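Here's the structure we're looking at; comments come further down.
Atom set for the values below is all heavy atoms of this structure, side chains included, hydrogens, waters and symmetry mates excluded. These numbers come from a predicted model, not from an experiment. Start at 1 with the first residue, then count along the sequence.
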Amino acid sequence: MSRATVVIDEEGITFESFYRVVYQYATVDMSEGCTANVVKCRTFLEGVLLEKKTVYGVNTGFGKLSNVVLPEADSEALQVNLLRSHACAVGEPFPTEVVRAMMLLRLVSLARGFSGVRLDIVHALRDCLNAGVHPIIPSKGSLGASGDLAPLAHLALCLIGEGDALYEGRRLPAQEALLQAGIQPVVLQAKEGLALINGTQAMMAVGLIAYRQATAALGAANTIAAITMEALNGIVDPFAEPIQRVRPYPEQASVAKDLRTHLEGSQYVGTAHAGKVQDAYSLRCVPQVHGASLRALRHIGETLFIEMNSATDNPLLFPDEGLVYSGGNFHGQPVALAMDYLKIAVSELANISERRTERLVNPQLNEGLPAFLTPDAGRSSGMMILQYVAASLVSENKVLAHPASVDSIPSSANQEDHVSMGTIAARQAAQIVDHAGAVLAIELICATQALEWKESAKLAPATRKVYGWVRKLVPGYVADRSYSKEIETLAAAILQGQLTDLTNAANGVPGSSAWPGP
């Protein structure tokens, strides 16, 4: 069966194209304009070399060794030695989707036509991605400046037939994987090793995937909060449009509108009355808290979109101007700050969700529902320990949310004296998003269990559909049982966007949550 093709053009790619390549294995190619730009840039570089000009990383050493000028005969060895020496990352390998994202992002950067590589290099990277030859890339060891050097070196080694790769489900020596895929290893020439490892593609790959999941989690959080509102007989006055209008954050208004839509037709929510004037903040302030996280995600999306389609190599060549500049586009600070912001924004989604779970299971707070949502409290523990798990995860998130980008450590004999730690921030963000998925799943399990004490006909139509969807994944409580696998299954569905897609369809909202715009 043929696969759709994503074409990288002079503007780069879209978020949706990124998603199709990473998850749906769409094939990749370059536009004629990108191909022409790559050829033009390489021709320009070869002209510079004929003039015997000194160019960093082309005929010099690297980092602190940039003042060592090397003869032309050493050019190929220089590039290969660069990859071998830099490929020293450690830790668990990145999952396949992250590796595919790294390969695609590196390809987009090279296709811009400012890196000076030959078409052979770009085509080899493209062919590996299309054939499913995925380098084994350890996940730890990048400082996030000078590029994601160690992880990207492992990626680049595969192109010359060194290191290991995953191909058709088997880990193989890269040389063998390339042979089986019908791809010839490349022989590096001037600049090409450096061009393959200078960039922010490791932090970006992890960050883009975490960002997508975070956006799905936010949409789900609005839905889950609405179900908890019904379970706890909440007051909908705080979601009224006039309140949002006088504090005109568009994201706050968007969340409030979501809640009003999800709860439309419910007989279990209402307006303030003599017996109940206000709800707790975890219910009343959902538009403000979720809205702030949505505002953060929109900013993060803008940053990631720019970075995804940028040239992050060094040096950069500008054939039209006849210029070569050694600069710092590889420095990951914009991404590092965005990832730290993502960590905080998603941590807060989990924090407020855990507080809503506490209200659902606590007999002093849950509006007359059974203690821990079991009719047999005492002999049975019901949902008691689910809240413990949520509390543990949000507490761990608070440690992970400490900003990585405020740290720095000098390297390369103090030549590279300020670094971003962006890849650390991205990996932490991915962990926090994973935890948030589980915390939201726990709230959803508890909230739907609370609905067992409600009349189905009195629920909002949207929440009835969500209840039915949840019950296909998580049966209702009958007696105490282990919920571990059910939490993980539901969390995965939430982070994949399934719940958001369901509620969009239920509410007549067109489109899919598969990938958010910037």
Is there any salt bridge (charged side-chain N to carboxylate O under 4.0 Å, His left out) pair reaching into [range], and which pairs are they, with sequence neighbours excluded?
range            : answer
residues 77-86   : R84-E162
residues 91-114  : none
residues 132-148 : none
residues 326-350 : D340-K343

**OP:** Would you sort out whether L149 and N198 count as a side-chain contact (heavy atoms from CB on, under 4.5 Å), showing the intermediate values?
**Re:** CA-CA 6 Å; L149 294 175; N198 259 183; 3.6 Å; yes
Original post:
Are a donor atom and an acceptor atom from the side chains of S31 and D9 found within less than 3.5 Å of each other?
Top reply: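 On atom types as modelled, these side chains do not qualify, holding no pair under 3.5 Å.
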**OP:** Indicate whether any N or O donor in one side chain lies under 3.5 Å from an N or O acceptor in the other, for S420 and Q333.
**Re:**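 No, no side-chain donor-acceptor contact under 3.5 Å.
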Is there a donor-acceptor pair closer than 3.5 Å between any side-chain N or O of [X] and the backbone N or O of [Y]?
X    : Y    : value
S85  : L82  : yes
Q79  : L194 : yes
T312 : F330 : no
N309 : I13  : yes
S293 : V346 : no
N81  : A77  : yes
D258 : G219 : no
S142 : G144 : yes
E192 : R118 : yes
T14  : S17  : yes

Closest heavy-atom contact between [X] and [Y]?
X    : Y    : value
L502 : K465 : CD2-O, 4.0 Å
A214 : L342 : CB-CD1, 3.8 Å
L110 : A195 : CD2-O, 3.8 Å
T500 : A220 : OG1-N, 3.3 Å
T96  : L166 : OG1-CD2, 3.8 Å
I227 : T448 : CG2-N, 4.4 Å

Subject >> Contacts of type side-chain hydrogen bond (donor to acceptor under 3.5 Å, both in side chains), residue H123, not counting sequence neighbours >> reply: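 Testing H123 for side-chain hydrogen bond (donor to acceptor under 3.5 Å, both in side chains), a comparison that skips the adjacent residues, returns none.
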Subject >> Pairing residues for N314 by the side-chain hydrogen bond (donor to acceptor under 3.5 Å, both in side chains) criterion, not counting sequence neighbours >> reply: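 N314: side-chain hydrogen bond (donor to acceptor under 3.5 Å, both in side chains) contacts with S326.
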List for me each residue that meets salt bridge (charged side-chain N to carboxylate O under 4.0 Å, His left out) alongside [X], sequence neighbours excluded, and say none if there are none.
X    : value
E251 : R295, R298
D29  : R126
E46  : R42
K398 : none

Tell me, do [X] and [Y] make a side-chain contact under 4.5 Å, heavy atoms counted?
X    : Y    : result
M421 : S408 : no
L316 : V324 : no
V6   : R20  : yes
H154 : P135 : no
M204 : M308 : yes
V394 : S347 : no
Y23  : I209 : yes
T423 : V206 : no

Atom pairs and distances, side-chain donor-acceptor, residues 172-181, under 3.5 Å, sequence neighbours left out:
residue, atom, partner, partner atom, Å
E176, OE2, Q180, NE2, 3.2
Q180, OE1, R170, NH2, 3.2

So does [X] have more than 12 non-hydrogen atoms from other groups sitting under 6.0 Å from [atom1]?
X    : atom1 : result
E321 : CD    : yes
Q24  : CD    : yes
Y25  : OH    : yes

Original post:
Rounded to the nearest 0.5 Å, how far apart are CE of M103 and CG of L105?
Top reply: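 One finds 11.5 Å between CE of M103 and CG of L105.
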Original post:
Between atom CD of Q201 and atom CG of L196, what is the distance when rounded to the nearest 0.5 Å?
Top reply: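 Taking CD in Q201 and CG in L196, the distance rounds to 10.0 Å.
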Original post:
Do N329 and D313 pass the side-chain contact (heavy atoms from CB on, under 4.5 Å) test, and can you show the C-alpha distance, the side-chain angles, and the key distance before you say yes or no?
Top reply: CA-CA 6 Å; N329 275 6; D313 192 4; over 6 Å; no
Original post:
Taking the six-membered ring of Y483 as reference, does the NZ or CZ atom of R481 fall below 6.0 Å from its centre and within a 45° cone about the axis?
Top reply: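 That pair qualifies as a cation-pi contact.
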Subject >> Distance flag, aromatic centroids of H331 and H418, threshold under 6.0 Å >> reply: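 Yes, the ring of H418 comes within the 6.0 Å limit of the ring of H331, centre to centre.
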**OP:** Carefully, step by step, assess N222 and H262 under the rule side chain to side chain donor-acceptor pair (under 3.5 Å).
**Re:** CA-CA 9 Å; N222 293 345; H262 297 332; 5.7 Å; no
Subject >> Residues that F114 engages under ring-ring contact (aromatic ring centres under 6.0 Å, His included), provided they are two or more places apart >> reply: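 ring-ring contact (aromatic ring centres under 6.0 Å, His included) check on F114 returns F318.
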